[in-house]
Amino acid sequence: MTLDSSQAERAWALVPAAGAGSRMGAPLPKQYLTLAGRPVLAHTLARLCRHPRVAGVQVMLAPADAHWAGVAEHLDAATRRKLLPIAVGGATRAASVLNGLRALGTQAAPGDWVLVHDAARPCLRRRDLDSLFAALDAGAAGAILGVPVADTIKRVRDGEILETVDRSRLWRAFTPQAFRLEVLLDALQRALDAGIEVTDEASAVEWAGGRPRMVAGHADNIKVTLPEDMALAAQILAGRDEEER
Ligand SMILES: Nc1ccn([C@@H]2O[C@H](COP(=O)(O)OP(=O)(O)OP(=O)(O)O)[C@@H](O)[C@H]2O)c(=O)n1
Ligand SMILES: C[C@](O)(CO)[C@H](O)COP(=O)(O)O
């Protein structure tokens, strides 16, 4: 792994890839399913590693993961050079991220940026990653990608609509989610210790009193979750020009 020493403030990507993909219902975890000729995780890693601001990538895999070899053979040399030694994930996404932060701490400085990006989001656009870095360079203490809610939102109980929710200030939170290493490590550890349900990094930082910025991205930065998402992801990638592929 070679560091790009030209960066003013180093940034690292953290890729939680230790999930079981139960909602996908496939014979193997969804991050290893073939998408446009290579594993989902290979697409995600290539997108992160080709960005010049990303100094290195920390991947977290399930214990006794048997699929990594099938990913590594699809990675080009430039991608492999940026990969840090694999860390072991945890029982939840948040636990996997915490393990990754601890492993990264042996390579990174406390003030370095960490961008946490789901392995299951292989369609991340270069321009959206650029937008996230632009927010950090503009002084944001932390920032995440997302898009405004475009549908009417209902609160439902037992199949009955209780109310229509004002969506004027509602956004869908995506990844990457970017924070200073020491800030995220502290907030995530304290939130988990307090029993807070942490479904994304921003929720831990918000709980700890932070006010991350929301950066408008593209809705095609989908999280591959359900079976139909594989065909959608393939259509998205097929429609990309070379730069964004
Ligand atoms: N214990 C876990 C659970 C999830 N993830 C990762 O977090 C990302 C987003 O989580 P999700 O989409 O929920 O993945 P899964 O947990 O695998 O899916 P499911 O909930 O359907 O089992 C995925 O890249 C997944 O691999 C992880 O690293 N460790
Ligand atoms: C982090 C995330 O992708 C932001 O939308 C989402 O919270 C992950 O949720 P999951 O249930 O762990 O897939």
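Atoms considered below: every heavy atom in the structure, side chains included; atoms not considered: hydrogens, waters and symmetry mates. In each ligand, atom 1 is the first atom listed, and ligand 1 is the first ligand listed. Bear in mind that the values here come from a model prediction, so they are computed numbers and not experimental data.
Summary of contacts: the protein heavy atom closest to atom 12 (O) of ligand 2 is R93 CD, 3.7 Å. Of the protein's non-hydrogen atoms, the one nearest atom 1 (N) of ligand 1 is G90 O, 2.9 Å. Atom 3 (O) of ligand 2 has D118 OD2, 2.6 Å as its closest protein atom, hydrogens excluded (heavy atom only). Of all protein heavy atoms, the one closest to atom 23 (C) of ligand 1 is P16 O, 3.7 Å.
Ligand-side atoms of ligand 1 in range of A119: 24 (O), range being under 4.0 angstrom from any heavy atom. Listed by atom number, the atoms of ligand 2 under 4.0 Å from D200 heavy atoms are 1 (C). The ligand atoms of ligand 1 that sit less than 4.0 angstrom from a heavy atom of A20 are 17 (O). Interface atoms of ligand 1 facing A120, defined by a heavy-atom separation under 4.0 Å, are 24 (O). The atoms of ligand 1 that sit less than 4.0 Å from any heavy atom of A91 are 1 (N). Atoms of ligand 1 lying under 4.0 Å from any heavy atom of G21, numbered from 1 in the order shown and given with element: 15 (P), 17 (O), 18 (O), 21 (O), 22 (O). Set against the non-hydrogen atoms of A173, the atoms of ligand 2 under 4.0 Å away are 4 (C), 5 (O).
Under the side-chain contact (heavy atoms from CB on, under 4.5 Å) test applied with L35, the options L237, L41, V224, I236 reduce to a single match, L237.
Of all the heavy atoms of R121, none lies under 4.0 Å from any atom of ligand 1, so neither backbone nor side chain is involved. Of the heavy atoms in K223, only side-chain atoms (C-beta onward) come closer than 4.0 Å to ligand 2.
Of the listed options P29, A17, A95, G19, G19 places a heavy atom closest to atom 16 (O) of ligand 1. Nearest to atom 8 (C) of ligand 1 by heavy-atom distance, out of N99, D118, L14, D229, is D118. Considering each of K223, R23, R93, the one bringing a non-hydrogen atom nearest atom 3 (C) of ligand 1 is R93.
The shortest N or O to N or O distance between R23 and ligand 2 is under 3.5 Å. Close N/O approach between K30 and ligand 1 is found [any backbone or side-chain N/O within under 3.5 Å]. Considering backbone and side-chain N/O of M24, none are found under 3.5 Å from N/O of ligand 1. Between R121 and ligand 2, an N or O atom pair is found at a separation short of 3.5 Å. Geometrically, ligand 1 and S96 share a nitrogen or oxygen pair separated by less than 3.5 Å. Between F174 and ligand 2, no pair of N/O atoms sits closer than 3.5 Å. Backbone and side-chain nitrogen or oxygen atoms of T175 are examined, and none is located within less than 3.5 angstrom of a nitrogen or oxygen of ligand 2. Residue-to-ligand polar distances place T199 within reach of ligand 2: an N/O pair is separated by less than 3.5 Å. Taking distance alone, with nitrogen or oxygen atoms compared against 3.5 Å, A18 approaches ligand 1 more closely than that limit.
No side-chain heavy atom of I153 sits less than 4.5 Å from a side-chain heavy atom of D166. When side chains are defined from C-beta on, T34 does not count as touching V40, because their heavy atoms never get closer than 4.5 Å. A heavy-atom distance below 4.5 Å is found between the side chains of R240 and R125. Between W12 and D112, some side-chain heavy-atom pair lies under the 4.5 Å cut-off.
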Name the atoms and distances for all side-chain donor-acceptor pairs under 3.5 Å in residues 206-219, with sequence neighbours left out.
{"from": "H218", "atom 1": "ND1", "to": "D128", "atom 2": "OD1", "distance (Å)": "2.8"}
{"from": "H218", "atom 1": "ND1", "to": "D128", "atom 2": "OD2", "distance (Å)": "3.2"}

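With D65 contributing its side chain and L61 its backbone, the two residues share no donor-acceptor pair below 3.5 Å. With hydrogens and angles disregarded, a donor-acceptor distance shorter than 3.5 Å links the side chain of H117 to the backbone of R121. Although no hydrogens or angles enter the test, the distance criterion places a donor-acceptor pair under 3.5 Å between the side chain of K82 and the main chain of C49. Under a 3.5 Å cut-off, the side chain of T79 and the backbone N or O of L75 do not form any donor-acceptor pair.
Other residues, nucleotides and ligands place no more than 12 heavy atoms under 6.0 Å from the CD atom of E160. Other residues, nucleotides and ligands place more than 12 heavy atoms under 6.0 Å from the CG atom of L162.
Both tests pass for R180 against the ring of W113: distance under 6.0 Å to the centre and angle within 45° of the axis.
For the ligand labelled ligand 1, residue M60 lies outside the 4.0 Å heavy-atom shell.
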Exercise. Which is it for L124 and L145 under the side-chain contact (heavy atoms from CB on, under 4.5 Å) test, yes or no, and what are the steps along the way?
Worked result: CA-CA 10 Å; L124 174 64; L145 286 176; 3.8 Å; yes
Exercise. Taking it one step at a time, do M24 and L33 satisfy side-chain contact (heavy atoms from CB on, under 4.5 Å)?
Worked result: CA-CA 10 Å; M24 179 63 72; L33 296 177; 3.7 Å; yes
